[in-house]
Amino acid sequence: MQKTSSLLSICLFLLVGVAQAQITDDRSLLAPGATVELLGDGYKFTEGPTPDKNGNVYFTDQPNNTILRWDAASGEISTFAATSGRSNGLYFDKKGNLVACADMDNQMWSFSMDGQHKVLIENYDNKLLNGPNDLWIDAKGGIYFTDPLYKRDYWTRDPAMQQDGQHVYYLSQDKKTLKRVDETLKQPNGIVGSSDGKNLYVADIGDRKTYRYDIQKDGSLSNRMLFIEMGSDGMTIDSQGNLYLTGRSGVTIFDKSGTEVGNIPTGKGWTANVCFGGKDRKTLFITALDAVYGVKMNVAGAK
């Protein structure tokens, strides 16, 4: 009886702790009185949010093989692509095409705005990729992406490791040259670049670390530096250079020095990804398990 009572007390304590989890914001990055607002739910696993030039946000429901679109004006959510290649990370290129990490067939896809796709990448060194996960496109049109291996129970393809490890890649702006830019990470995942194009951030979620690199003119990376002892599923950056990481603690915000300056709990067991959307790019759009959320911000997303 005593053991049962103790167990109930512990469970009650944990539930109260979750219920009392509050937003922290040391730099007034959030709008006054901002809360985490539900924008949509009923999905299986949401991922890969990214805004178009008008602030509409596209995101994936990966197990359901769809890409959805949140309308910045109406708040309505509609289906953009009913077949997505089980896409994960998304990002718009300079021509307005939606580039997607389509890991069902180890590929990178490009969608035109009518929902039609073409394959951009399907192998490296004549071998299939593991499963492109997240990406960032630089001002020249070059694509940085991570290629970890996460075996999905809905895959119909070979789930084994295809490459000799889990690496970070760069596809040149003319789409003719694909090269590895870091071969030393354990399990790279989230990736984003700074607005001035000088730095790239990559989360090694398998080693619980996030690194910052200097970007060279040829797309290669140098001067890798440990940014923070925390991994991340997805990430974004704001106009002040603050970095937003995701995971079990919701969205955690770090300034340029790596100091934690805020946290936005979602109340979910896992928060997968995040971006800035809305007409003024001041809505923080969050994907977390079966739902998507929005938070009004004082700061806009980096462009």
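In what follows, every heavy atom counts, from backbone to side chain, and hydrogens, waters and symmetry copies are set aside.
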Undergrad: Are the side chain of Ser239 and the backbone N or O of Ala300 linked by a donor-acceptor pair below 3.5 Å?
TA: yes
Undergrad: Indicate yes or no for a side-chain donor-acceptor contact from Asp204 to the backbone of Gln187 under 3.5 Å, with no hydrogens or angles considered.
TA: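 Yes, because the side chain of Asp204 sits within donor-acceptor range (under 3.5 Å) of the backbone of Gln187.
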Undergrad: Check the angle between the aromatic planes of Phe285 and Phe59 and answer parallel, tilted or perpendicular using the 30° and 60° thresholds.
TA: tilted
Undergrad: Between Thr46 (side chain) and Ala291 (backbone), is there a donor-acceptor pair under 3.5 Å?
TA: yes
Undergrad: So which heavy atom on Ala34 is nearest to which on Lys296, and how close?
TA: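 What the structure gives for the nearest pair is CB-O, 3.4 Å.
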Undergrad: Taking all heavy atoms of Ser84 and all of Ile67, pick out the closest pair and write down the distance.
TA: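 Residues Ser84 and Ile67, closest heavy atoms: CB-CG1, 3.6 Å.
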Undergrad: Applying a strict under-4.5 Å side-chain criterion to I, L, V, M, F, W and Y, I'd like to know whether Leu226 and Ile191 cluster together.
TA: yes
Undergrad: Are Phe145 and Ile121 packed together at the side-chain level, in the sense that at least one heavy-atom pair is separated by less than 4.5 angstrom?
TA: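 A side-chain contact under 4.5 Å exists here.
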Undergrad: Indicate whether the side chain of Tyr213 and that of Asp182 have a donor and an acceptor atom separated by less than 3.5 Å.
TA: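 Yes, because at least one side-chain N or O of Tyr213 sits under 3.5 Å from a partner of the opposite role on Asp182.
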Undergrad: Among Leu243, Asn189, Ile205, find the residue that satisfies the side-chain contact (heavy atoms from CB on, under 4.5 Å) test when tested with Thr210.
TA: Leu243
Undergrad: Regarding Thr271 and Thr266, do their side chains bring together a donor and an acceptor under 3.5 Å, going by distance alone?
TA: yes
Undergrad: Got a donor-acceptor contact below 3.5 angstrom from the Asp214 side chain to the Asn199 backbone?
TA: no
Undergrad: For a quick test of reading the model, state the closest non-hydrogen atom pair linking Phe276 to Met297 and the distance between them.
TA: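 Of all heavy-atom pairs spanning Phe276 and Met297, the closest is CE2-CG, 3.9 Å.
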Undergrad: Might you point out which heavy atoms bring Lys179 and Tyr124 nearest each other, and give the distance in Å?
TA: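 So the minimum-distance heavy-atom pair works out to CA-CE1, 4.2 Å.
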Undergrad: Name the residue from Val274, Thr60, Val292 that meets the side-chain contact (heavy atoms from CB on, under 4.5 Å) definition with Thr287.
TA: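 The passing option is Val292.
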Undergrad: Find out if a path of hydrophobic residues (ILVMFWY) with successive side-chain heavy-atom gaps under 4.5 Å connects Leu284 to Val36.
TA: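 Result: yes, single cluster for both.
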Undergrad: If we ignore hydrogens and angles and just use 3.5 Å, is the side chain of Thr252 paired with the main-chain N or O of Leu245 as donor and acceptor?
TA: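 No; judged by distance alone, with no hydrogens or angles, the pair does not exist.
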Undergrad: Under a single-linkage definition using a 4.5 Å side-chain heavy-atom cutoff for Ile, Leu, Val, Met, Phe, Trp and Tyr, are Leu178 and Leu221 assigned to the same hydrophobic cluster?
TA: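 Hydrophobic grouping puts Leu178 with Leu221.
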Undergrad: Using modelled atom types only, decide if a donor and an acceptor are shared between the side chain of Asn130 and the backbone of Gly165 within a distance under 3.5 Å.
TA: yes
Undergrad: Take the angle between the ring planes of His117 and Phe111 and call it parallel below 30°, perpendicular above 60°, tilted in between.
TA: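 Rings of His117 and Phe111: tilted, as their planes differ by 30° to 60°.
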Undergrad: Return the CD1 to CG distance between Ile77 and Leu68, rounded to the nearest 0.5 Å.
TA: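 Answer for the CD1-CG pair, Ile77 versus Leu68, is 7.0 Å.
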Undergrad: Tell me whether Lys140 contacts the main-chain N or O of Lys217 through its side chain, where contact means a donor paired with an acceptor under 3.5 Å.
TA: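 Side chain of Lys140 to backbone of Lys217: a pair is present.
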Undergrad: Taking the side chain as every heavy atom from C-beta outward, state whether Met230 and Lys209 have any pair of such atoms under 4.5 Å apart.
TA: no
Undergrad: What is the distance from atom CD1 of Ile253 to atom CG of Asn263, rounded to the nearest 0.5 Å?
TA: 7.5 Å
Undergrad: To the nearest 0.5 Å, what is the distance between NZ (Lys268) and OH (Tyr293)?
TA: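 The distance works out to 4.0 Å.
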Undergrad: If you round to the nearest 0.5 Å, how far is CD1 of Ile143 from CG of Leu171?
TA: 5.0 Å
Undergrad: Would you say NZ of Lys127 has more than 12 non-hydrogen atoms from neighbouring residues, nucleotides or ligands within 6.0 angstrom?
TA: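 Open.
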Undergrad: Which atoms form the tightest heavy-atom contact between Asn242 and Lys256, and what is the distance?
TA: OD1-N, 4.5 Å
Undergrad: Cation-pi check for Tyr211 against Arg224: NZ or CZ below 6.0 Å from the six-membered ring centre and within 45 degrees of the axis, yes or no?
TA: yes
Undergrad: Under 6.0 Å between ring centres, would you say that holds for Tyr58 and Phe92?
TA: yes
Undergrad: So, Asp164 and Arg180, do they make that salt bridge, N to O below 4.0 Å?
TA: yes
Undergrad: Within the 3.5 Å criterion, strictly below it, is a donor on Asp138 or Tyr170 matched to an acceptor on the partner's side chain?
TA: yes
Undergrad: Can you check whether Asp103's main-chain N or O pairs, donor with acceptor, with Arg157's side chain at less than 3.5 Å?
TA: yes
Undergrad: So which atom in Lys186 and which in Gly206 form the shortest heavy-atom distance, rounded to 0.1 Å?
TA: CD-O, 3.4 Å
Undergrad: Counting distance only, does the side-chain N/O of Thr79 pair as donor-acceptor with the main-chain N or O of Ala82 below 3.5 Å?
TA: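 Not at all, since once roles are kept as given, no pair shorter than 3.5 Å links the two residues.
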Undergrad: Between Lys95 and Asp93 (salt bridge meaning N to carboxylate O under 4.0 Å), is one present in this structure?
TA: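 Looking at Asp93 together with Lys95, the answer is no, because their closest N to O distance does not fall below 4.0 Å.
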Undergrad: Once rounded to the nearest 0.5 Å, what's the spacing between atom CG of Asp134 and atom CE of Met235?
TA: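 It comes to 8.0 Å.
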Undergrad: So how far is it from Glu76 CD to Arg69 CZ, rounded to the nearest 0.5 Å?
TA: 10.0 Å
Undergrad: Test of understanding: clusters of I, L, V, M, F, W, Y form through side-chain heavy atoms closer than 4.5 Å, transitively. Do Trp155 and Met161 belong to the same one?
TA: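 Both belong to a single hydrophobic cluster.
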Undergrad: Are the side chain of Asn106 and the backbone N or O of Glu122 linked by a donor-acceptor pair below 3.5 Å?
TA: no
Undergrad: Taking atom types as modelled, is there a side-chain donor on Asn64 or Thr66 under 3.5 Å from an acceptor on the other?
TA: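 Per modelled atom types, Asn64 and Thr66 side chains form no pair under 3.5 Å.
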Undergrad: Among Thr246, Val295, Leu29, which one satisfies side-chain contact (heavy atoms from CB on, under 4.5 Å) with Ile264?
TA: Val295
